[in-house]
Peer 1: 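Starting off with a structure, shown below.
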Amino acid sequence: MMMNLRSDFYVTTPIYYVNDNPHIGHAYTTILADVLARYHRWQGQDVFFLTGLDEHGQKVQQAAQGRGLCEQSHCDELAASFVSLWQKLDIQNDDFIRTTQKRHIKAVQKALRKIDEGGDVYSSEYEGWYSVAEERFITQTEKESGQFREIKRFKERNYFFKMSKYQQRLIDYINTHPGFIQPEYRRNEVLGFLRQPLGDLCISRPKARMGWGIEIPFDKDYVTYVWFDALINYLTAAGYSEDEEKLRNWWPASVHLIGKDILTTHAVYWPTMLFALELPLPKTIFAHGWWLIGETKMSKSLGNVIDPLSLIDQYGVDPVRYYLMREMVLGQDAHFTLESFIKRYNSDLANDFGNLLNRVSGLIGKYFNGSVPLEGTRGTPEEEIRTTANNLVQKIQDLINAMRVHEAIEEILQLVRQVNKYLEVQAPWKVAKTNLVRAGTILYTSTEALRISAVLLSPVMPGRTHTVLDILGATGTAPLWGKLKAGIKLKSHEALFPRVET
RNA sequence: CGCGGGGUGGAGCAGUCUGGUAGCUCGUCAGGCUCAUAACCUGAAGGUCGCAAGUUCAAAUCUUGCCCCCGCAACCA
């Protein structure tokens with residue numbers, strides 16, 4: 001990974017289009033960004049985590065009209081629903097950009113002027129098939145698909161960005177920067193795409209047809225088209241229009257998280273735009289897969305289609321964050337089912353992690369009056385646990401830097417399982433009857449390993465891990481072996497993750 | 001032959017680059033333990049590693065051919 005050449009970390013989600021309410025896809029990307037941001041903060045880096053909304057365009061205009069609202073009111077309402085979801089999901093973003101904000105309008109117009117002055121913009125008549133029903137141009141293939149109504153031959157003057165000019169430069173860049181587009185097979189897809197001659201990008205819409213957008217600074221009859229508007233947001237928030245100092249600090253972004261559907265726009269349009277703007281390219285563009293809800297027909301007939309977000313109210317936000325992060329395999333699609341959620345919840349969180357807390361706190365309560373015992377002399381089994389825990393810290397950092405979140409989580413759970421096994425073998429409930437000092441060593445070791453697991457899991461489950469650390473009297477401590485203080489009275493508690501009976 | 005990814009015990013994945021007893025989680029069965037959220041621990045059953053041929057002392061791993069699944073293929077968030 002070549003992501004961390006600097007000590008700071010700028011992570012973005014796509015800006016979400018406000019023609020509909022937020023769904024699991026939005027939630028997933030944003031949680032992933034939040035988890036990465038928290039891990040990097042925890043590593044001591046300065047972090048800038050950006051998310052936001054794309055509020056311009058025809059579909060927003062239509063959605064607003066359909067609800068009998070003006071565009072801005074419609075956007076404000078949906079913005080509120082996104083913000084409240086982020087609160088519910090424990091998202092700690094540093095900025096929330098909306099493309100209707102003044103700073104963004106300034107940034108887009110500045111960028112348009114810049115590429116125009118650079119000679120990369122021209123105006124031209126575009127002729128093609130136009131679907132009146134869809135209110136957009138369609139391709140020949142789409143026309144032949146028969147899925148579009150009221151098709152007309154249509155001619156329109158528009159502004160174009162000379163994207164084709166940068167094709168070879170982009171190919172060279174991708175070839176010399178292996179980590180730029182991830183996962184690797186997405187990079188190959190982009191390179192495959194770039195084997196065809198690249199066209200130029202239409203970046204305008206006449207106001208007469210679509211007025212809800214940012215006016216083009218050199219032609220008052222036009223607004224800029226969605227993608228040109230949207231992509232610039234990553235620059236706006238980094239200070240492009242109003243703070244050169246800030247821009248130098250944060251640009252280029254460390255990682256743009258995106259869904260696989262918007263790979264081309266981010267891996268082709270955006271880099272060529274940045275070339276034209278004479279700005280460096282983001283270090284990494286990472287495309288993840290999609291959540292499929294159940295198994296289509298099967299789950300429908302079983303009546304199992306549920307809104308994943310509704311699980312938050314029932315099970316809490318941490319298990320939902322955990323499930324989404326653990327279940328999605330790098331870059332691939334994942335299946336969301338209630339069954340797999342409960343399985344994951346019970347086996348990992350209730351049986352392994354939560355139950356370990358109950359075991360150690362119960363034993364310490366019984367044999368040490370609730371106070372953390374002295375570590376004493378470590379034997380071979382204790383050194384094994386300690387070594388695993390110490391090595392785990394570095395391993396987790398490496399996995400996170402490599403964007404392998406689900407593997408990082410699995411590694412932490414391996415430690416938890418190892419400690420459960422260790423307890424079984426050492427049986428402190430037997431040892432305590434003859435050798436209390438030795439029992440103390442066993443329990444200190446187990447508790448300390450649990451504490452380190454909780455610290456390492458905290459970016460994924462900030463709430464419940466904080467509860468664990470609070471019970472152990474160890475909030476804010478580092479994942480270094482020995483930070484757990486002997487003599488601390490454990491707080492009483494309920495089951496951390498009550499088992500879900502099925 | 002458009003480009004690319006993949007096919008590993010019932011399920012989901014790792015291992016393939018750097019050939020050499022096929023690993024993890026869940027599930028199933030049997031036992032153990034009893035501190036714990038009927039949790040935990042141990043053991044077992046279960047795989048011709050898509051098919052075929054080749055290279056090699058040795059192939060899931062390298063080569064070739066074939067079959068099947070999936071993604072991408074431009075202005076559509």
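Only this structure's heavy atoms are used, side chains among them; waters, hydrogens and symmetry mates stay out. Every chain is numbered from 1 and lettered A, B, ... according to where its sequence line falls, protein lines coming before strand lines.
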Peer 1: When the C1' atoms of rC57(B) and rG15(B) are considered, how many whole Å apart are they?
Peer 2: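 These two C1' atoms come out 23 Å apart once rounded.
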Peer 1: In whole Å, I'd like the distance from the CD atom of E339(A) to the P atom of rG12(B).
Peer 2: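 Result: 12 Å.
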Peer 1: Quick one about D116(A) and Y159(A) (side-chain donor to acceptor, distance below 3.5 Å, no hydrogens or angles considered), yes or no?
Peer 2: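 Y159(A) vs D116(A): no donor-acceptor pair found between side chains.
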Peer 1: Looking just at side-chain N and O atoms, do H74(A) and R67(A) make a donor-acceptor pair shorter than 3.5 Å?
Peer 2: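 Yes, side-chain donor-acceptor contact under 3.5 Å.
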Peer 1: Spell out protein contact along nucleotides 24-36 of chain B as letters: B when the base is contacted, S when just the sugar-phosphate is, - when no protein heavy atom is under 4.0 Å; keep the 5' to 3' order.
Peer 2: SSS-----BSSBB
Peer 1: For RNA chain B, what is the dot-bracket line, given that a base pair needs Watson-Crick (N1 to N3, plus N6-O4 or O6-N4) or G-U wobble (N1-O2 and O6-N3) geometry with both distances under 3.5 Å, and | means paired with another strand?
Peer 2: .(((((((.[[[[.)....(..]]]].(((((.......))))).....[[[[[..)....]]]]])))))).....
Peer 1: At under 4.0 Å between heavy atoms, what does L357(A) touch on the DNA or RNA strands: base, sugar-phosphate, or nothing?
Peer 2: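 Result for L357(A) = nothing.
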Peer 1: Among rU37(B), rC75(B), rA77(B), which nucleotide sits nearest the side chain of L201(A)?
Peer 2: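 For the L201(A) side chain, the nearest candidate turns out to be rC75(B).
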Peer 1: For nucleotides rG6(B) and rC49(B), find the distance between their C1' atoms and express it as a whole number of Å.
Peer 2: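 Here rG6(B) and rC49(B) have their C1' atoms 14 Å from each other.
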Peer 1: Give the rounded distance in Å between these two atoms: CD of E327(A) and C1' of rA11(B).
Peer 2: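 Value for this atom pair: 11 Å.
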Peer 1: Mind checking if A350(A) touches a base, just sugar-phosphate, or nothing, with heavy atoms under 4.0 Å?
Peer 2: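 A350(A): base contact, heavy atoms under 4.0 Å.
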Peer 1: Would you classify L198(A) as touching base, sugar-phosphate or nothing, given that sugar-phosphate means primed atoms plus P, OP1 and OP2, and contacts are heavy atoms under 4.0 Å?
Peer 2: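 Base contact.
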